[in-house]
Amino acid sequence: MYKTHSCGELRSEHAGQMVELAGWVHRQRDHGGVTFIDLRDRYGIVQVVADPARPEVGAIQEARAEWVLKIAGIVRRRPAGAENPNMATGQIEIEATSVQVLNQARPLPFLVNKDEDTDEALRLKYRYLDLRRERMQNNMILRHHVVKFIRDYLSERGFLEIETPMLFKTTPEGARDYLVPSRLQPGMFYALPQSPQQLKQLLMVSGFDRYFQIARCLRDEDLRGDRQPEFTQLDLEMSFVERDDVLQLVEGLFTKMVKDILPQKRLLASPWPCLTYAEAVERYGSDKPDLRFGMELYGLNEIFAHTDFMVFQNVIKSGGVIKCIVAPGCAEYTRKEVDDLTTFAREQGAKGLATLALAADGVKGTAQKFIKPEDVSAIQARTGAKTGDLVLFIADSKAVANKTLSALRLLFRDRLGLADPDVLAFAWVVDFPMFEYNAEDQKWDAAHHPFTMPKMEDLPKFETDPAQILSDAYDMVLNGYETASGSIRIHRSDIQQKVFQLLGLKDEEIQSKFGHMIEAFQFGAPPHGGMAPGIDRLLMIFAGEPNIREVIAFPKNQAGRDLMADAPSPASERQLNELQIKLDLKKAEEPK
Ligand code: ASP
């Protein structure tokens, strides 16, 4: 071993001990002929002092930032007044008796001893250096603790961790597949799993009634801050359970996790709130509401049932809605501020935005002259809006009104600081619709995935009104993010067949894509269900990071590239020949 202790563990009780340390030069300075070095490893930082005039420690003078040193020395208490209360090891320092340079370092492309703003592309190109930074080290350590907690918690409750293949077949999670060409069967392709969905259900057929996996999922979709082409889920599945059994298990896991490893965070509520999909969308305009603050949406169709305001009248007549939110203390917004909000509302798809400012000197706003005083009072009674507040109305189709007001609600959350960053507002959203109509392709899509169990009482609606079929699907939401989806599954092959048919799959297609599932369900499939919390997204929220890249050791950039290894990259002629693949790039580059 190069060392007897880590840089972070020495305290005043070690004073007088001879120790050996190894690490990186974090910082270095000279003071009156004496060299001070902060030596760093992943456990912390310790101050080393050496008089370079002494030959056995002379090497310390050459050392530069990020050189790798081995130091032997004596731990001593720092002189009175020289202690550093901001450092865990700040009571002591090491008086070096020998200094050995284990390796030198070229000047780095950016400083790692500071969390200063560094160009994102540079950080990703030199990710292994970026990961030396304290913030990134803490994120990786937190990640380890979260994953270990999950493994321990579930193992103690009888779950088995079982790996499933990466080379598999298409899984319908709604994204595009990554394909891998087969050399042994030219012209054939594996699909990388978008999730282990089918495999975990097949494990239930095998009798492994409590399964989990820290599973890598691969989805070829456009990237956003909270998406990566490969990401990690806690994938789990249980047999002989109903919805609430799965929810309770997962709620128990995260409740204890927060208590044990995130002591600086507070749960908004325990037990967690549970909203139906319809309720969430009605009250917050979103199926992943941030419950850390109120500012709910209110439907006002009743109040405006007899309005003379043509715009509102027309919307009501054509089956639309008038809904509002109340921005606290914003009655004095300037014309320009209201115009900016209107532009924002239009970007969300709304035709416009109407406002009512309950200013101290009277009611103002763009809708003031169209709304009768008794309607203003009715709105106040309904929404609780008071003097000083700004009421924002959207009159549009239900979907547009909800989407726009939900976005405005989040805009005000950030602008007015309405959500406490230390609060974790976990909640359940249940009873999702089973199908969504895809107007572009004129067909029905599964809202979750096609293995989700429709509500039994809704089975007759397959023939009459698919839009009204609810399912036993549920989401775990946290602070405005969807952090897990799951469902009770179909375990009867007749119902599975019905769902595939409604999705427009032809018999041959059902057979070629999912024949193995349909067949498996004929050999005694138990009732089962599960879910899959997204580990990266949860960590992003736990660590207070703005982006999931910050909690993944080696992420891709927005264009799906690994800038460090420069991937993807061309395949050699020989590799392509072996796969019997000919590139036709010109065609691929033509606009669609
Ligand atoms: N496979 C699903 C997903 O990735 C989760 C589940 O239903 O368990 O969203």
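Note that ligands are numbered from 1 as they come in the structure, with each ligand's atoms numbered from 1 the same way. Since the structure is predicted, the reported quantities are computational estimates derived from the model, not experimental observations.
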> In chain order, what residues pass the side chain to side chain donor-acceptor pair (under 3.5 Å) check against D431, with sequence neighbours excluded?
Replying inline: R243, K455
> What residue among K506, K513, Q511 forms side chain to side chain donor-acceptor pair (under 3.5 Å) with E509?
Replying inline: K513
Starting from the N and O atoms of ligand 1, find every protein N or O within less than 3.5 Å and list the pair with its distance.
unit_1	atom_1	unit_2	atom_2	d
ligand 1	1 (N)	E173	OE2	2.9
ligand 1	1 (N)	S195	OG	3.1
ligand 1	1 (N)	Q197	OE1	2.6
ligand 1	4 (O)	R219	NH2	2.9
ligand 1	4 (O)	Q233	NE2	3.0
ligand 1	7 (O)	Q197	OE1	3.2
ligand 1	7 (O)	H448	NE2	3.0
ligand 1	7 (O)	H449	NE2	3.0
ligand 1	7 (O)	R489	NH1	2.8
ligand 1	7 (O)	R489	NH2	3.3
ligand 1	8 (O)	Q197	OE1	3.4
ligand 1	8 (O)	K200	NZ	2.7
ligand 1	8 (O)	R489	NH2	2.7

> Can you name the salt bridge (Lys or Arg N to Asp or Glu O under 4.0 Å) partners of E161, sequence neighbours left out?
Replying inline: R151
> Can you list the residues that meet the side chain to side chain donor-acceptor pair (under 3.5 Å) rule with W444, with sequence neighbours excluded?
Replying inline: none
>> Contact between D220 and D177 at the side-chain level, heavy atoms closer than 4.5 Å - yes or no?
In response: no
>> If you count every heavy atom of other residues, nucleotides or ligands that lies below 6.0 Å from R183 atom CZ, does the total exceed 12?
In response: no
